[in-house]
Amino acid sequence: MFHSLERSISRAVANHLSTVFSVDAPVTTEQPKQSSFGELALPVAFQLARQLRKAPPLIARELADGLAGKIEGVAALEVASGYLNVRFDRGWFARRILDGIDAEAGPGASGKTIVEHTNINPNKAAHIGHLRNAILGDTFVRMMRAQGVSVEVQNYIDNTGVQVADVVAGFHFVEKKSPAEVAALARQPRFDYYCWDLYSRVAQMEQVKGWRAETLHSIESGEGELAAMGHVVADAIVDCHLNTMLRLGIEYDVLPRESEILHLKFWASCFEQLKARKAIYLETEGKNAGCWVMPGAAFKENAAEEDSKVIVRSNGTVTYVGKDIAYQLWKFGLLGKDFFYRQLRAYPDGHPCYVSQSSAEGAETVSFGGGESVYNVIDSRQSYLQDVVAAGLRALGYPDQARRSVHFSYEMVALSPRTCVELGLELSEEDKAKSYVEMSGRKGLGVKADDLIDQLIERARIEVDSRHADQDAGSRAGVAAAIAVGALRYFLLKFTRTSVIAFDLQEALSFEGETGPYVQYAAVRARNILRKVGDLPDFRAALSEETLREVLATEDLWQLLLDISRLDSVLAAAVSSGEPAALAKYAFQLAQAFSRFYHDYRVLDEPDAGRRNVLIWMTEHFARQLERTLHMLGIAVPEYM
RNA sequence: GCACCUGUAGCUCAGUUGGAUAGAGCAUCUGGCUUCGAACCAGAGGGCCGGGGGUUCGAGUCCCUCCGGGUGCACCA
């Protein structure tokens, strides 16, 4: 509601400017520093002062007089230090919300948006860095879907890369296990933990390079026992990852796999296009002689000769970036090739998750890719490579798609020194000197996602048990799980994407202050009130505009209603800036506002019937909007807390 | 060397396309449970927004410069 009134006011002012002053200027609105100034502040007079050769207060005054009483929903226009401040008609505003009249137009019916996130190498357990990626991506997806955008979620699986090869080498060369033994092991719980340890052991061994080469060769040819083992390992680990992510409410539509990109020769098509468009050329001299390279000028300003990027090595094999360009083309439906698919699993909510396969045999008739815009959730360290991929699209003659290829980047999750000590992690002298320590799969340095979730559940369980011993164990476990997920998701979402998270276990395990559980608690309290009210009155019949205006004359009640109504405005800003943290922040602030309301007003004890109805309506409206917000954040509201 | 990110309260971080008196959580101190349960609320202290220059009616926000952190710049993925 806030959003639409905001826009209609800004339109009305713009029209007035155009007809009366004959100037066309964009009219921006902002939130006044103090709520006593009204609901909206327009700095428009400052912007026009020079053009109109008039002092800002005079312009604002003329606007206020000229527009007085002419904008629906506006009670007053005031001038203060050059600003044009707007006061809403509180009764009108509340009644419109109550009637559900809110012409919120979403971004409009456009094509499909593809979001790729998670993308964990299937050779070890997921750690908290992977969680930041997945939670960021999943939340962004939920936010866009809430706006009515059609979104497809992809999780790319590099099941033929060096990381998988290293683990396979570990099984074969170090542990001397047969494929059958590995297959048996892969069926055991926490196989991903086993591989975590094995991988860090193998990756640090002298002989790894030779083993890796031999294993990779086998995997790429698709023949031999090592290749078979590679599939067993990768498939089992992918299963572990999907389970871990499901604990956090994260689901995928499709898992495109590297193995199919190889078998279906996606690269060959891409290579032909790149050559035909002269986006790459065969280098004949210098250090890159014999390689197909993309000139540095394609993705970098003032590029020198040495900035060229090798796409095809002199031995004829394609680099990672080359494959990524092919994959990106496929995402936009520009490759001229497609995968086949089979269903990998059905989530408990019935939603299916598909995986790519290389032949039509047994394939299901579903279709993925061909998006209009693509968001790749990848950490900021890969921005150079993402630039090269976008440059590839441009060079192929797809400037629009290049523009709609968004590198949704974020900074890494590192570990605070205190947490490293708590976890008993061995640190090098170099690491000890730093303010945070980067995680490393190779070194086995990191906090595993499932361990953290388990710890959070354990902690939540203690709190729940101490407060609700009367509830049965199954119910308490469910509540504890919801709280744990709320704490974790909020913790990883409250930082903006550009901020490095120095993960601190004690902070992450906290349920007080700016945390997920705090927000959940506010929602639970609202639900508790509503439960005790029982059957809700028919608000539309019970609450006249007059009653609403009367009750909302109380400043803090009005401020709460305003905060509640700001959701769409905040969501729009959070989506367009690609910053889920903005929505998380809003959820917290809204919860704070309600907590104060909860403390200051006794809804059930309110003697005046009309006023009581307004308070109940506000509580109900708050609960709905906060639940909507939490749903976008992937945080559930427990039955009790 | 070049490119990108970053420096805001003791700590961890917000701060809308430049706007009115710079905010929150944690920590510290002080108060508040009579079941809409305190995973809460109220209050206090705590800031030359890294330094300097510039643009502007107006700068935490934009530009330049210096200082301090981080990341990237492979025929690795």
Side-chain angles (χ1 to χ4, degrees), chain A residues 26 28 30-34 37 41 43 46-47 49-50 55-56 80-83 85 121 158 161-163 212 258 283 287-293 296 300-304 306-307 309-315 317-321 323-324 379-385 387 409 411-412 414 416 434-436 438 460 463-464 467-468 483 487 494-496 498-502 504 506-507 510-515 517-518 520-522 524-533 569-570 573-574 576-577 579 581-582 585 588-589 592 595-596 598-605 619 640-641:
Chain A
T28 58
E30 56 194 49
Q31 211 177 313
K33 260 288 182 253
Q34 288 177 38
F37 290 145
F46 295 108
Q47 288 144 12
R50 173 165 299 173
S81 9
Y83 283 91
N85 290 334
N121 271 302
D158 184 5
V162 291
Q163 294 215 16
R212 180 187 293 160
E258 176 86 2
E283 183 63 83
K287 58 169 184 156
N288 293 334
C291 299
W292 286 88
V293 304
K300 194 177 173 186
E301 281 177 52
N302 308 320
E306 65 269 22
D307 291 326
K309 179 70 195 166
V310 172
I311 304 297
V312 179
R313 304 182 186 104
S314 52
N315 67 5
T317 57
V318 60
T319 60
Y320 167 75
V321 191
K323 282 185 279 194
D324 227 26
D379 82 84
S380 62
R381 285 173 290 193
Q382 299 207 41
S383 61
Y384 163 70
L385 296 169
D387 286 348
S409 77
E411 285 291 337
M412 64 176 166
S416 76
K434 294 183 176 173
S435 57
Y436 53 81
E438 191 175 352
E463 297 291 331
V464 174
R467 287 154 217 247
H468 301 281
I483 291 169
K494 73 176 177 181
F495 300 92
T496 52
T498 52
S499 172
V500 175
I501 299 180
D504 188 87
Q506 292 186 24
E507 274 178 40
S510 167
F511 296 155
E512 289 166 16
E514 194 192 341
T515 66
Y518 174 94
Q520 290 172 309
Y521 191 55
V524 167
R525 285 173 136 185
R527 280 291 157 214
N528 285 346
I529 294 175
L530 297 171
R531 196 176 307 120
K532 296 218 172 182
V533 169
S569 187
V570 171
S576 70
S577 65
E579 198 57 271
K585 213 80 185 173
F588 172 67
Q589 282 161 356
Q592 254 185 333
S595 292
R596 279 190 286 268
Y598 182 90
H599 184 264
D600 295 343
Y601 296 86
R602 305 230 109 213
V603 175
L604 298 177
D605 300 339
T619 302
Y640 51 87
M641 276 182 83

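Computed from a predicted model, the values in this text were never measured in an experiment. Numbered from 1 within each chain, the chains take letters A, B, ... in sequence-line order.
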Go through the steps for A:Ser380 and A:Glu411 under the test side-chain hydrogen bond (donor to acceptor under 3.5 Å, both in side chains), then give the verdict.
CA-CA 6 Å; A:Ser380 62; A:Glu411 285 291 337; 3.2 Å; yes
Just how far, in rounded Å, is [atom2] of [N] from [atom1] of [X]?
| X | N | atom1 | atom2 | value |
| --- | --- | --- | --- | --- |
| A:Ile501 | B:G25 | CD1 | C1' | 15 Å |
| A:Phe495 | B:G7 | CZ | P | 14 Å |
| A:Leu385 | B:U71 | CG | P | 17 Å |
| A:Phe588 | B:A14 | CZ | C1' | 11 Å |
| A:Tyr598 | B:C33 | OH | C1' | 11 Å |
| A:Glu411 | B:U6 | CD | P | 8 Å |
| A:Arg525 | B:C33 | CZ | P | 15 Å |
| A:Met641 | B:C40 | CE | C1' | 11 Å |

Base, sugar-phosphate alone, or nothing: which one does [X] contact when heavy atoms must sit under 4.0 Å apart?
| X | answer |
| --- | --- |
| A:Ser499 | sugar-phosphate |
| A:Thr619 | nothing |
| A:Gln34 | base |
| A:Tyr384 | sugar-phosphate |
| A:Asp158 | sugar-phosphate |
| A:Asp387 | nothing |
| A:Ser383 | nothing |
| A:Val603 | base |
| A:Ala581 | nothing |
| A:Tyr436 | sugar-phosphate |
| A:Ala526 | nothing |
| A:Val464 | base |

What distance, rounded to whole Å, do you find between the two [atom1] atoms, one in [N] and one in [M]?
| N | M | atom1 | result |
| --- | --- | --- | --- |
| B:G53 | B:U61 | P | 14 Å |
| B:A3 | B:A9 | P | 29 Å |
| B:U8 | B:C41 | C1' | 28 Å |
| B:G43 | B:A24 | P | 10 Å |
| B:U55 | B:U65 | C1' | 15 Å |
| B:G58 | B:G18 | P | 16 Å |
| B:C26 | B:G69 | P | 32 Å |
| B:C62 | B:C49 | C1' | 16 Å |

Nearest-neighbour nucleotide for the [X] side chain, [options] considered:
| X | options | answer |
| --- | --- | --- |
| A:Arg381 | B:A20, B:U71, B:A14 | B:U71 |
| A:Lys532 | B:A39, B:C57, B:G37 | B:G37 |
| A:Thr496 | B:U17, B:A14, B:C75 | B:A14 |
| A:Glu514 | B:C57, B:A24, B:G70 | B:A24 |
| A:Met412 | B:A77, B:G70, B:C75 | B:G70 |
| A:Lys585 | B:A14, B:U71, B:A39 | B:A14 |

Would you check if the distance from the ring center of A:Phe588 to the ring center of A:Tyr518 is below 6.0 Å?
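Between A:Tyr518 and A:Phe588, which both carry aromatic rings, the centre distance is below 6.0 Å.
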Between A:Arg531 and A:Asn528, is there a side-chain donor-acceptor contact under 3.5 Å, judged purely by atom types and distance?
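There is such a pair (donor and acceptor under 3.5 Å, judged by atom type) between the side chains of A:Asn528 and A:Arg531.
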Compute whether any side-chain donor of one residue and acceptor of the other, for A:Gln382 and A:Tyr320, lie under 3.5 angstrom apart.
yes
Determine the minimum heavy-atom distance between A:Tyr640 and A:Val524, stating which atoms define it.
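That would be CA-CG1, 3.9 Å.
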Side-chain donor or acceptor of A:Asp158 paired with backbone N/O of A:Gly161 under 3.5 Å:
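Answer holds: yes.
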Test: A:Glu514 and A:Lys585 ion pair at under 4.0 Å
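A:Lys585 and A:Glu514: salt-bridged.
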With both distances kept under 3.5 Å, what pairs with [N], Watson-Crick or G-U wobble?
| N | value |
| --- | --- |
| B:G23 | B:C13 |
| B:C4 | B:G70 |
| B:G58 | none |
| B:U28 | B:A44 |

Please tell me if the side chains of A:Ile501 and A:Tyr436 come closer than 4.5 Å, counting only heavy atoms from C-beta onward.
no
Flag side-chain contact, heavy atom, 4.5 Å: A:Pro43 against A:Gln47:
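SC-SC contact between A:Pro43 and A:Gln47 confirmed.
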Phosphate OP1/OP2 of B:G37: any A:Arg467 side-chain N/O under 4.0 Å:
no
Kindly indicate whether the side chain of A:Asp600 and the base of B:A42 share any N or O donor-acceptor pair separated by less than 3.5 Å?
no
Do A:Thr319 and B:C75 share a donor-acceptor pair, side chain to base, under 3.5 Å?
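Check fails, no donor-acceptor contact within cut-off.
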